[in-house]
Amino acid sequence: MKLKTKAFLAAMAAVVLLGCGPAAADETSAQAEFAENELIRETVYVEMDIKDYGKVKLELDGETAPITVTNFVNLVNKGFYDGLTFHRIMDGFMVQGGDPQGDGYGGSGKTIKGEFSQNGVENNISHTTGTISMARGAYDMDSASSQFFICVADDIFLDGNYAAFGHVTEGMDAILQIAKDAKPLDDNGTIDKKEQPVINSIKVVEG
């Protein structure tokens, strides 16, 4: 589905980019515990293998978004994303995945601080085509967990409101094809579970 206007995109951002449902009771303590761990403050390279679409390489910016990158890499190293899907896709906007429930309301059980300007954190990564960013709850700036999205257009109206943390460096054609092939069930980009593209694996690789 091709989105028509910037205003419509802005209106959908609060609905489409929900990282998870209401925070579980133990997520606050989990977040505090995570903040005490050593953070990644360097560039990290990961490779995503998507069933029927091939491999996509990304460069993650730990200097700009260390909490976000550390959380993502920790999940990658645990194999958390292997076998999960892209459950919400909007051609002309973004593809969203990383939800173990496959319905937009799941997460890892931990939440992290949102690293973006509206939450008091400097982050100059713009949501241009190929940018990877964290989904979150519409009303909780610190509710990002495991869900992420990759922009398939210049979605700069999201700047300052979502924690962008890297860019696709190879394989963007595969991401764009996923967006083109998608058949959303509604205006929110919901994809039938049987039709959700599968992430075979994500792994840390050499740059």
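Keep in mind the model is a prediction, meaning the values are calculated, not measured. Throughout, residue positions are numbered sequentially from 1 according to the sequence presented.
- When all heavy atoms are compared, the tightest approach of A153 to G92 is CB-O, 3.3 Å.
- No continuous path of hydrophobic side-chain contacts links V76 to V205 [ILVMFWY only; heavy atoms under 4.5 Å].
- Clustering ILVMFWY residues whenever any of their side-chain heavy atoms sit less than 4.5 angstrom apart, transitively, puts I175 in the very cluster that holds V46.
- Remark: T169 engages no residue in a side-chain hydrogen bond (donor to acceptor under 3.5 Å, both in side chains) (not counting sequence neighbours).
- Nearest approach of G107 to F80, heavy atoms of both residues: O-CZ, 4.0 Å.
- Aromatic ring centres of F93 and F157 lie closer together than 6.0 Å.
- The heavy-atom pair separating A182 from I191 by the smallest distance is CB-CD1, 4.0 Å.
- A distance-only check finds a donor-acceptor pair linking the side chain of D82 to the backbone of I202 [under 3.5 Å].
- For the pair I89 and I178, the minimum side-chain heavy-atom distance is below 4.5 Å.
- Among I150, V152, D91, the one residue that satisfies the side-chain contact (heavy atoms from CB on, under 4.5 Å) test with L176 is V152.
- With a 4.5 Å cut-off on side-chain heavy atoms, P197 and K51 do not count as touching.
- Remark: E63 CD is loosely packed, at most 12 non-hydrogen atoms of other residues, nucleotides or ligands lying under 6.0 Å away.
- When side chains are defined from C-beta on, D192 counts as touching L185, because their heavy atoms get closer than 4.5 Å.
- Using modelled atom types, no side-chain atom of D49 and backbone atom of N200 make a donor-acceptor pair closer than 3.5 Å.
- To the nearest 0.5 Å, atoms CE (M90) and CG (D187) are separated by 7.0 Å.
- Residues E206 and Y45 are not in side-chain contact: their nearest non-hydrogen atoms beyond the backbone lie 4.5 Å or more apart.
- For the 3.5 Å distance criterion, the side chains of D103 and Q101 qualify, holding a donor opposite an acceptor.
- Note that the CG atom of D61 and the OG1 atom of T68 stand 10.5 Å from one another [nearest 0.5 Å].
- M141 CE to T111 OG1: the interatomic distance, rounded to the nearest 0.5 Å, is 14.5 Å.
- Using a 4.5 Å heavy-atom threshold, the side chains of F86 and I199 count as touching.
- Counted by atom type alone, D154 and T129 present one or more donor-acceptor pairs between their side chains at under 3.5 Å.
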Can K55 and M48 be said to form a side-chain contact (heavy atoms from CB on, under 4.5 Å), step by step?
CA-CA 6 Å; K55 295 180 179 180; M48 184 183 306; over 6 Å; no

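- Side chain of N123 to backbone of A164: a donor-acceptor contact under 3.5 angstrom is found.
- Formation of a donor-acceptor pair under 3.5 Å by the Q196 side chain with backbone atoms of G102 is found in this model.
- P66 has its side chain within reach of E115: a pair of non-hydrogen atoms, C-beta onward, lies under 4.5 Å apart.
- Within the model, atoms CG of D99 and OG1 of T85 stand 7.0 Å from one another, a figure rounded to the nearest 0.5 Å.
- Taking NZ of K113 as the start and OG of S143 as the end, the distance is 12.0 Å to the nearest 0.5 Å.
- Between M134 and Y162, the closest side-chain pair of non-hydrogen atoms is not below 4.5 Å.
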side-chain contact (heavy atoms from CB on, under 4.5 Å) evaluation trace for I132 with L60:
CA-CA 8 Å; I132 183 171; L60 310 182; 4.2 Å; yes

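- Partners of F165 according to the ring-ring contact (aromatic ring centres under 6.0 Å, His included) rule, which considers only residues two or more places apart in sequence or in another chain, are F72.
- D159 places no side-chain N or O within 3.5 Å of a backbone atom of S126 that could act as its donor or acceptor partner.
- Tracing side-chain contacts under 4.5 Å through hydrophobic residues (I, L, V, M, F, W, Y), one reaches L84 starting from I50; they form part of the same cluster.
- The minimum heavy-atom distance between A135 and Q96, with the atom names listed, is CB-NE2, 3.6 Å.
- The minimum heavy-atom distance linking S146 with G106 is given by the pair OG-O, 4.4 Å.
- Rounding to the nearest 0.5 Å places CE of M172 at 8.0 Å from SG of C151.
- No donor-acceptor pair under 3.5 Å is formed between the side chain of N188 and the backbone N or O of T190.
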Go through the steps to decide whether Q177 and Y53 satisfy the test side-chain contact (heavy atoms from CB on, under 4.5 Å), and finish with yes or no.
CA-CA 8 Å; Q177 193 62 50; Y53 289 95; 3.9 Å; yes

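- Proximity of a side-chain donor or acceptor of D140 to a complementary backbone N or O of D142 within less than 3.5 Å is detected.
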What's the verdict on side-chain contact (heavy atoms from CB on, under 4.5 Å) for S133 and H127, showing C-alpha distance, side-chain angles and the deciding distance?
CA-CA 8 Å; S133 189; H127 288 79; 2.9 Å; yes

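- By the rule that hydrophobic residues join a cluster once side-chain heavy atoms approach within less than 4.5 Å of another member, V198 and Y81 end up as members of separate clusters.
- In this structure a side-chain-to-backbone donor-acceptor pair under 3.5 Å is present from N71 to S145.
- In this structure, R136 contributes its side chain and N161 its backbone to a donor-acceptor pair below 3.5 Å.
- Figure legend: R88 and F149 shown without cation-pi pairing, the cationic atom not lying both under 6.0 angstrom from the six-membered ring centre and within 45 degrees of its axis.
- For the pair T131 (side chain) and H167 (backbone), a donor-acceptor distance under 3.5 Å is absent.
- Using a 4.5 Å heavy-atom cutoff, the side chains of E170 and V56 are not in contact.
- Cluster annotation: I125 and L39 are assigned to distinct hydrophobic clusters (Ile/Leu/Val/Met/Phe/Trp/Tyr, side-chain heavy-atom contacts under 4.5 Å, transitive).
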